[in-house]
Number of protein chains: 2
Amino acid sequence: MKTVYERADIVPLLAEIFRELGYEGTSLSRITERTGIGKGSLYHFFPGGKEEMAGAVLADVDAWFEHAIYQPLRKDDAREAIAAMWTNVNDYFRSGRRICLVGAFALDETRERFSAEIGDYFIRWIDALLSALMRAGCSEGEAQTLAEEGVAGIQGALVLSRALDDRVVFTRSLDTLAKRFDSVMR
Amino acid sequence: MKTVYERADIVPLLAEIFRELGYEGTSLSRITERTGIGKGSLYHFFPGGKEEMAGAVLADVDAWFEHAIYQPLRKDDAREAIAAMWTNVNDYFRSGRRICLVGAFALDETRERFSAEIGDYFIRWIDALLSALMRAGCSEGEAQTLAEEGVAGIQGALVLSRALDDRVVFTRSLDTLAKRFDSVMR
DNA sequence: GTCTATACTTTGATAGAC
DNA sequence: GTCTATCAAAGTATAGAC
């Protein structure tokens with residue numbers, strides 16, 4: 001019995017492992033252990049080894065956010081897109097049981113390897129949110145502050161809910177942020 | 001030329017390394033490389049190896065926060081203690097160039113090793129802040145929400161400022177949070 | 001594409017001389 | 001207390017059979 005993979009099937013599996021163990025904590029043996037995929041297959045799809053695997057995961061995560069979050073924020077009805085962001089983010093991060101890989105990579109020296117990708121992910125999130133807020137009637141300064149506060153607040157909520165091992169904290173934090181946004185967009 | 005250390009001298013050095021490299025990324029050889037302290041000395045002070053080193057660092061960080069942040073929040077003038085928290089936190093985290101070790105450990109599987117210490121650090125921070133907010137005139141519900149929002153906001157600001165490699169983001173985020181607190185305490 | 005075997009490096013940890 | 005030497009285990013990566 002042997003399973004044949006495509007690269008696209010492997011990336012989401014790798015993503016979960018990098019999320020849980022971090023870049024340094026993720027070893028090829030633990031990947032094999034959790035997925036059943038041998039080193040031969042891994043190096044066939046990712047000749048650049050672990051670094052290429054993490055890069056592919058980052059690109060995949062980025063593409064998901066671009067499609068599900070950023071584009072609606074830039075193009076759709078502003079209030080609807082912001083409301084959708086809160087529910088999509090809550091689902092994506094599984095109410096805080098899943099962390100943000102990009103944020104986690106930003107904290108330690110892994111950042112050095114992927115600084116461009118990491119910076120880009122957050123810049124584009126903030127800018128897309130800024131765009132929606134302005135279309136919803138915020139001044140530019142107000143929108144910039146609120147966009148940064150929203151994105152940082154989500155990251156902080158992930159840290160806190162993991163630290164307290166309490167998913168209610170995450171959902172409640174998102175709720176507080178959403179109310180704050182609503183009050184400013186009035 | 002050989003330097004003789006005490007355990008208390010080593011812990012802050014270890015703290016910086018764990019902060020920059022994370023738990024898994026910190027190897028004994030990199031500790032020696034950065035500090036000049038050999039394995040012999042390290043195992044003399046920390047017979048339990050890397051895990052004991054990280055534990056000692058966590059205890060040291062916790063003690064600093066207890067003394068510099070939590071106790072004033074619980075016992076001193078509420079408004080002054082909150083104001084002092086913002087400046088002390090900004091200094092401690094070096095305007096976002098330094099990360100929160102406890103928050104970083106919370107994100108990956110390192111959490112499993114130190115879940116009690118990590119949870120305690122954040123619980124006590126939130127509770128101390130809650131106490132100050134209530135003494136400053138907040139209702140309990142309002143204070144709970146705001147305390148969580150403040151602590152999560154600091155953690156998120158650290159992630160964001162590292163991701164964007166922009167320390168202005170951190171200071172500005174703290175400023176926004178401080179204003180929010182002021183407006184509620186009126 | 002996947003597997004097994006293997007090369008080579010680095011890891012955490014220990015022992016013993018000084 | 002610190003040093004050097006050394007260990008077994010785990011790390012990344014490669015080669016070649018199938």
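Residue numbering restarts at 1 for every chain, and letters A, B, ... go by the order of the sequence lines. Every heavy atom of this structure was used, including side-chain atoms; hydrogens, water molecules and symmetry mates were not.
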Spacing of A/M53 atom CE relative to D/dT12 atom C1', expressed in whole Å:
9 Å
Quick one: B/L42 CG to D/dC3 P, roughly how many Å, whole number?
10 Å
Rounded to the nearest angstrom, tell me the gap between atom CD in A/E52 and atom C1' in D/dA13.
13 Å
If you check every side-chain atom of B/H44, which of C/dT14, D/dA13, D/dT2 has the closest atom?
D/dT2
Is it true that atom CZ of A/R74 has more than 12 heavy atoms of other residues, nucleotides or ligands lying nearer than 6.0 Å?
yes
Spatial distance of atom OH (A/Y23) from atom CG (A/L58) [nearest 0.5 Å]:
10.0 Å
Gap between atoms NZ and P, on A/K50 and D/dG11 respectively (whole Å):
9 Å
Quick check on the hydrophobic clustering: are A/L130 and A/I154 connected, directly or via other members, by side-chain heavy-atom contacts under 4.5 Å?
no
Is there a residue in residues 22-37 of chain A whose heavy atoms reach under 4.0 Å of DNA chain C, and which residues are they?
none
Verdict with reasoning, A/R172 to A/T176, per side-chain hydrogen bond (donor to acceptor under 3.5 Å, both in side chains):
CA-CA 6 Å; A/R172 184 165 57 213; A/T176 305; over 6 Å; no
Figure out the NZ/P separation between B/K39 and C/dG16, and round it to whole Å.
18 Å
Pair listing, ring pair (Phe, Tyr, Trp, His ring centres under 6.0 Å) test, anchored in residues 143-169 of chain B, at least two apart:
none
Whole-Å distance, A/Y43 OH to D/dG16 P, equals 17 Å
Identify whether any heavy atom of A/G49 sits under 4.0 Å from a base atom; if not, whether one sits that close to sugar-phosphate; answer base, sugar-phosphate or nothing.
sugar-phosphate
Which of C/dT14, D/dT2, C/dT2 is nearest the side chain of B/V4? It is D/dT2
Residue set satisfying ring pair (Phe, Tyr, Trp, His ring centres under 6.0 Å) with A/F181, at least two apart, ordered chain then number -> A/W86
NA contact type, B/G40, heavy-atom cut-off 4.0 Å: base, sugar-phosphate, or nothing?
base
